Amino acid sequence: MSALPKRKIQQGRRNRRRSHLALKPRQLVACPQCKEPRLPHHVCPKCGTYNGVEVIEVKDKTKRKKE
């Protein structure tokens, strides 16, 4: 047999424990190059720069549609 709780956990105690489990909105910052919103400490998906250096080459959406 596995272990069982000795007492029923009260609703208030359970809810206080779960108070930190709610989803929080994502914090976005403006890219210094293109001013588009991006996640902090991530490469900008619009221009491909990180810390002022272009690290990935991003294709334009107009070129993708033509191909």
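Position 1 is the first residue of the sequence; numbering continues from there. Because the structure is predicted, anything quoted here is derived from the model rather than measured.
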Side-chain donor-acceptor pairs of residues 25-41 under 3.5 Å, sequence neighbours excluded:
from, atom 1, to, atom 2, distance (Å)
Lys35, NZ, Pro32, O, 2.9
Arg38, NH1, His42, O, 3.4

Checking one residue: Leu23. Which other hydrophobic residues are in its cluster under the side-chain 4.5 Å linking rule? none
SG of Cys44 to CG of Asn51, rounded to nearest 0.5 Å, is 13.0 Å
side-chain contact (heavy atoms from CB on, under 4.5 Å) for Val55 and Thr49? Distances and angles first, verdict last. CA-CA 6 Å; Val55 291; Thr49 59; over 6 Å; no
Please list, one pair per line, the donor and acceptor atoms closer than 3.5 Å that link side chains of residues 6-16 to other protein atoms, with sequence neighbours excluded.
from, atom 1, to, atom 2, distance (Å)
Asn15, ND2, Gln11, O, 3.2

